[in-house]
There are 2 protein chains.
Amino acid sequence: MSQPTTMAPSPFVRLFGRYLREHGFPVTQQREAVAEIVFSSAAHLSVEDIERSLHGAGARIGKATVYRTLDLLVKSKLVEEHDFDEGFKRYEHRLSRRPEHEHLICLECATVIEFKSHEVQIIKERISDDHQFRPVRHRLEIYGLCVTCLEAGVELPQDGLTCPIETV
Amino acid sequence: MSQPTTMAPSPFVRLFGRYLREHGFPVTQQREAVAEIVFSSAAHLSVEDIERSLHGAGARIGKATVYRTLDLLVKSKLVEEHDFDEGFKRYEHRLSRRPEHEHLICLECATVIEFKSHEVQIIKERISDDHQFRPVRHRLEIYGLCVTCLEAGVELPQDGLTCPIETV
DNA sequence: GTCCATGCAAACCTTTTGCACTATA
DNA sequence: TATAGTGCAAAAGGTTTGCATGGAC
């Protein structure tokens with residue numbers, strides 16, 4: 001990349017640079033460019049989103065480098081990887097926000113609403129205790145229709161058996 | 001398939017047959033064979049697991065038919081599809097058990113422990129109300145280490161930044 | 001100057017699809 | 001017998017990898 005995306009890396013990008021140096025990895029312009037995109041958005045970005053932003057900003061970065069940099073960002077714990085059953089992953093940074101939150105996902109338009117629930121943390125602790133399990137992370141996702149799609153009259157197909165549940 | 005897996009289909013397989021007939025789909029030996037495997041296991045089966053069982057039982061079924069049949073089973077609501085971030089899907093039938101339950105997943109050995117939490121249902125309702133969201137389904141998964149792996153001394157790599165969370 | 005990252009393309013892996021053939025109803 | 005399913009192989013789509021080149025330190 002001959003033209004850096006920004007002249008001065010933002011504070012979050014510098015944090016990533018610190019992670020790289022701490023681990024003996026070179027700080028490259030490509031890594032800073034990908035980090036800049038991810039940290040400057042509050043959205044849940046797909047690799048395609050990230051590539052589009054990069055190319056829009058004039059950067060020329062291979063897809064493999066984007067994937068490799070996202071791996072590093074996830075390993076650094078500065079970025080979280082999500083899978084909302086769309087067939088690809090999404091990435092969300094963990095800075096300037098509550099580190100732990102859950103998601104409401106619209107099945108129609110893929111809009112993501114974040115919410116926080118202290119009770120989930122409590123459930124996680126209690127259930128893990130009950131099973132002598134050591135929890136590392138969790139995911140609570142609620143799939144359905146957002147208010148916009150509901151107001152637009154969207155309905156989801158209802159299929160299944162006439163009497164779906166026959167618990168024996 | 002010249003040799004049916006079982007002489008008489010089990011009750012659950014007959015339920016699937018009913019679904020097929022109700023929708024005008026032919027009831028084939030392949031569909032019954034796949035359903036038989038899925039309904040006779042309480043586990044969370046991968047497509048590979050299912051194929052192995054089929055071939056072990058002497059059935060010769062193409063991979064495509066397994067996928068197509070699983071689609072039908074999911075559409076019938078008799079079977080649930082899961083994605084535990086392993087790079088492939090798993091399938092679990094919903095009969096003879098509480099229809100709604102959550103999962104503890106071991107990051108080391110992929111063992112799945114099921115648990116039920118009424119509170120999650122309540123959280124789902126309340127949060128959805130708050131956001132005028134219409135919930136259709138949810139997923140609560142807790143990832144970590146199961147008791148067996150803990151006792152075997154398994155440790156997960158700790159990476160990340162020295163001071164990982166610097167919320168601004 | 002050394003070592004590692006990058007870019008490109010090929011490989012990978014799960015899942016889907018096209019098509020000739022076969023089984024269901 | 002008409003219609004839909006099956007099996008095989010090829011395609012698809014996201015992600016990973018190999019390798020020669022180029023950049024970081």
Side-chain angles (χ1 to χ4, degrees), chain A residues 1-5 9 13 16-35 44-52 54-55 58-76 79 81-91 110, chain B residues 1-5 9 13 16-35 44-52 54-55 58-76 79 81-91 110:
Chain A
M1 199 168 57
S2 48
Q3 201 71 3
T5 314
V13 175
F16 180 48
R18 197 181 98 202
Y19 168 83
L20 293 172
R21 274 184 291 272
E22 278 179 2
H23 289 255
F25 301 135
V27 177
T28 65
Q29 298 187 357
Q30 288 89 334
R31 286 172 176 173
E32 291 193 327
V34 171
H44 303 74
L45 301 172
S46 64
V47 170
E48 204 188 317
D49 291 335
I50 295 166
E51 283 196 291
R52 198 179 316 113
L54 286 168
H55 296 157
R60 224 171 20 73
I61 285 194
K63 202 185 285 282
T65 300
V66 176
Y67 279 105
R68 286 186 278 231
T69 303
L70 286 169
D71 275 354
L72 289 168
L73 283 164
V74 169
K75 283 216 185 70
S76 76
V79 166
E81 185 181 80
H82 294 296
D83 185 343
F84 295 148
D85 275 346
E86 300 169 289
F88 51 85
K89 301 273 171 54
R90 288 186 177 276
Y91 299 86
Chain B
M1 197 168 59
S2 48
Q3 200 70 5
T5 314
V13 175
F16 180 46
R18 198 181 101 202
Y19 168 83
L20 293 172
R21 275 184 292 273
E22 278 180 2
H23 289 255
F25 301 136
V27 178
T28 66
Q29 299 187 0
Q30 288 89 333
R31 285 172 177 175
E32 290 193 327
V34 173
H44 302 74
L45 303 171
S46 65
V47 169
E48 203 187 317
D49 292 335
I50 295 168
E51 284 196 289
R52 198 180 315 113
L54 286 167
H55 296 157
R60 223 170 25 70
I61 285 194
K63 202 185 284 284
T65 299
V66 176
Y67 278 105
R68 287 187 277 231
T69 303
L70 286 169
D71 274 353
L72 288 168
L73 284 163
V74 170
K75 283 215 186 70
S76 77
V79 167
E81 186 180 80
H82 295 295
D83 185 343
F84 295 149
D85 275 346
E86 298 170 291
F88 53 84
K89 301 276 172 53
R90 289 186 177 274
Y91 298 85

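Remember, predicted model here, so these are calculated numbers, not experimental data. Order of the sequence lines fixes the chain letters, A, B, ..., with proteins taken first and strands second; residue numbering starts at 1 for each chain.
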Strictly below 4.0 Å, N to O, side chains only: are A:R68 and A:D71 in salt-bridge contact?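 Between A:D71 and A:R68 there is no salt bridge, as every charged N stays at least 4.0 Å from the carboxylate O atoms.
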
Between A:R90 and A:D83, does at least one N-O distance fall below 4.0 Å, as a salt bridge requires?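 No, this pair does not count.
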
Can a side chain N or O of [X] be found less than 4.0 Å away from OP1 or OP2 on [N]?
X	N	value
B:T65	D:dG7	yes
A:Q30	C:dG7	yes
B:R31	D:dA4	no

Please give, in whole Å, the distance from [N] [atom2] to [X] [atom1]?
X	N	atom1	atom2	value
A:E86	D:dA12	CD	C1'	18 Å
B:Q29	C:dA23	CD	P	9 Å
B:E51	D:dT6	CD	C1'	14 Å
A:H23	D:dA24	NE2	C1'	18 Å
B:L72	D:dT6	CG	C1'	13 Å
A:L20	D:dC25	CG	P	9 Å
A:L70	C:dT6	CG	C1'	15 Å
A:F84	D:dG14	CZ	C1'	17 Å

Relative to the 5' end of DNA chain D, which residue comes earlier, B:V66 or B:G24, by the nucleotide with the nearest heavy atom?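 Result of the comparison: B:G24.
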
How do A:T28 and B:T28 order along DNA chain C: which one's closest nucleotide is nearer the 5' end?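 In this pair, the answer is A:T28.
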
Please confirm whether the backbone N or O of A:L54 pairs with a side-chain atom of A:R60, one donor and one acceptor, at under 3.5 Å?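 Such a contact is absent between A:R60 side chain and A:L54 backbone.
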
Could you tell me whether A:E81 atom CD has more than 12 heavy atoms of other residues or ligands within 6.0 Å of it?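 Enclosed: over 12 neighbouring heavy atoms sit under 6.0 Å from CD of A:E81.
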
Going from OH on A:Y67 to CD on A:E51, what distance comes out if it is rounded to the nearest 0.5 angstrom?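 Rounded to the nearest 0.5 Å, the OH-CD separation comes out at 7.5 Å.
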
Shorter than 3.5 Å, N or O on both sides, protein versus nucleotides 14-21 of chain C: list them out with atom names.
unit_1, atom_1, unit_2, atom_2, d
C:dT15, OP1, B:K89, N, 2.9
C:dT15, OP2, B:Y67, OH, 2.4
C:dT15, O5', B:Y67, OH, 3.3

Give me the atom names and distance for the closest heavy-atom approach of B:L73 to B:S76.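 Taking B:L73 first and B:S76 second, the nearest heavy atoms are O-OG, 2.7 Å.
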
Considering all heavy atoms, the nearest B:Y19-B:K75 contact: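 Nearest heavy atoms, B:Y19 then B:K75: OH-CB, 3.6 Å.
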
